[in-house]
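Reviewing the structure listed below.
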Amino acid sequence: MGNAVVIREARPSDATGIAKVHVASWRATYPGLVPANYLVNLSEAAAALRWHNAVQAHGKGQGALVVADERGEVVGFATYGGRRVPVEGYEGEFYALYLLDEVKGQGIGRRLMAIMAERLLKAGTRTAVVWCLRDNPSRWFYERLGGTRVAERPIKFAGADLVEIAYGWQDLTPLARLSAGPEMR
């Protein structure tokens, strides 16, 4: 695959592509971290319905972005908005960022984070967090982008006791200044 990707606003018609990325990413990232039966039972069809509804429901200060390859196929997505879990001093949240393995390492994740930070700033949100599993090997990505560990919480997920950590940005401006690339439409 070449580097010709387009990052754009998600549309309800992207739901099937987003669901494929979501399921593939979970199955690639979370073995050994979440119960295996949960990963095996993930359904692209069910996820597509959820994503269709979620993309339609995004309002002011919330959004969903997709990464499309040169064929127009969704190879990644990201969502953001107001903070869902209270973390003192933080207003916004990066909800999700997932890429297919074949497009990782090309700077796409960094560009997605920059665009989301820019959008949050435009909506008047100056600070944000992202929650991820403490044992997720991808969590270092957030530290490389300037996120600092600001909270930790135990969660129950699919019958397993897990721990999530939050990385926070007290000022989204430096993150928003990262190269978002000219292909944003």
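Keep in mind that the numbers below use all heavy atoms, side chains included, and drop hydrogens, waters and symmetry copies.
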Exercise for the section: Kindly write out the residues that satisfy side-chain contact (heavy atoms from CB on, under 4.5 Å) with L49, not counting sequence neighbours, or none if the list is empty. Expected result: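 By the side-chain contact (heavy atoms from CB on, under 4.5 Å) rule, L49 matches N53.
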Practice task
Kindly write out the residues that satisfy side-chain contact (heavy atoms from CB on, under 4.5 Å) with A36, not counting sequence neighbours, or none if the list is empty.
Solution key: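 Result, side-chain contact (heavy atoms from CB on, under 4.5 Å) vs A36: none returned.
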[X] and [Y]: same hydrophobic cluster, using ILVMFWY side-chain contacts below 4.5 Å?
X	Y	answer
Y90	L172	no
Y98	V34	yes
M113	V129	no
L33	Y38	yes
V150	I155	no

Give me the atom names and distance for the closest heavy-atom approach of [X] to [Y].
X	Y	result
V23	A47	CG2-CB, 4.5 Å
Q62	Y95	NE2-OH, 3.5 Å
L39	W26	CD2-O, 3.6 Å
V67	V5	CG1-CB, 3.8 Å
D69	R71	OD2-NH2, 2.7 Å
V103	I108	O-CD1, 3.7 Å

Practice task
Apply side-chain contact (heavy atoms from CB on, under 4.5 Å) to I18 and V66, showing your working.
Solution key: CA-CA 8 Å; I18 293 170; V66 294; 3.7 Å; yes
Handout entry: Donor on one side chain, acceptor on other, Y80 and E93, under 3.5 Å
Key =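 Absent: no donor and acceptor within the cut-off.
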Exercise for the section: List the steps and the verdict of side-chain contact (heavy atoms from CB on, under 4.5 Å) for F157 and Y30. Expected result: CA-CA 12 Å; F157 183 82; Y30 298 122; over 6 Å; no
Taking the side chain as every heavy atom from C-beta outward, state whether [X] and [Y] have any pair of such atoms under 4.5 Å apart.
X	Y	result
T16	E44	no
C132	I165	yes
R111	L178	no
F77	L97	no
I115	I7	yes
R139	L133	no

Exercise for the section: First locate atom CG of L175, then atom CG of L145, and finally report the distance between them rounded to the nearest 0.5 Å. Expected result: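 Taking CG in L175 and CG in L145, the distance rounds to 6.0 Å.
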Practice task
Rounded to the nearest 0.5 Å, what's the gap from NE2 on H22 to OG1 on T79? Could you check?
Solution key: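 With rounding to 0.5 Å, NE2 (H22) is 9.0 Å from OG1 (T79).
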Practice task
Please answer whether the main-chain N or O of R126 pairs with a side-chain N or O of E91 as donor and acceptor at a distance below 3.5 Å.
Solution key: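 Present.
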Exercise for the section: Check whether any side-chain N or O of T29 sits under 3.5 Å from a backbone N or O of S25 as a donor-acceptor pair, and report yes or no. Expected result: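 It does hold such a pair.
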Practice task
Please test E164 against E152 for side-chain contact (heavy atoms from CB on, under 4.5 Å), starting from the C-alpha separation and ending with a verdict.
Solution key: CA-CA 6 Å; E164 281 189 320; E152 183 173 304; over 6 Å; no
Practice task
Run the numbers on D135 and V163 for side-chain contact (heavy atoms from CB on, under 4.5 Å), then give the verdict.
Solution key: CA-CA 8 Å; D135 298 329; V163 176; over 6 Å; no
Problem - Validation row, ring centre Y167 to ring centre F94 under 6.0 Å - result: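 For Y167 and F94, the ring centres are not under 6.0 Å apart.
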Exercise for the section: Please determine if R153 forms a cation-pi arrangement with W131, meaning its NZ or CZ atom is less than 6.0 Å from the six-membered ring centre and no more than 45° off the ring axis. Expected result: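 Verdict for W131: a cation-pi partner in R153.
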Exercise for the section: Output yes when D14 and K20 qualify as a salt bridge under the 4.0 Å nitrogen-oxygen rule, no when they do not. Expected result: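 No, this pair does not count.
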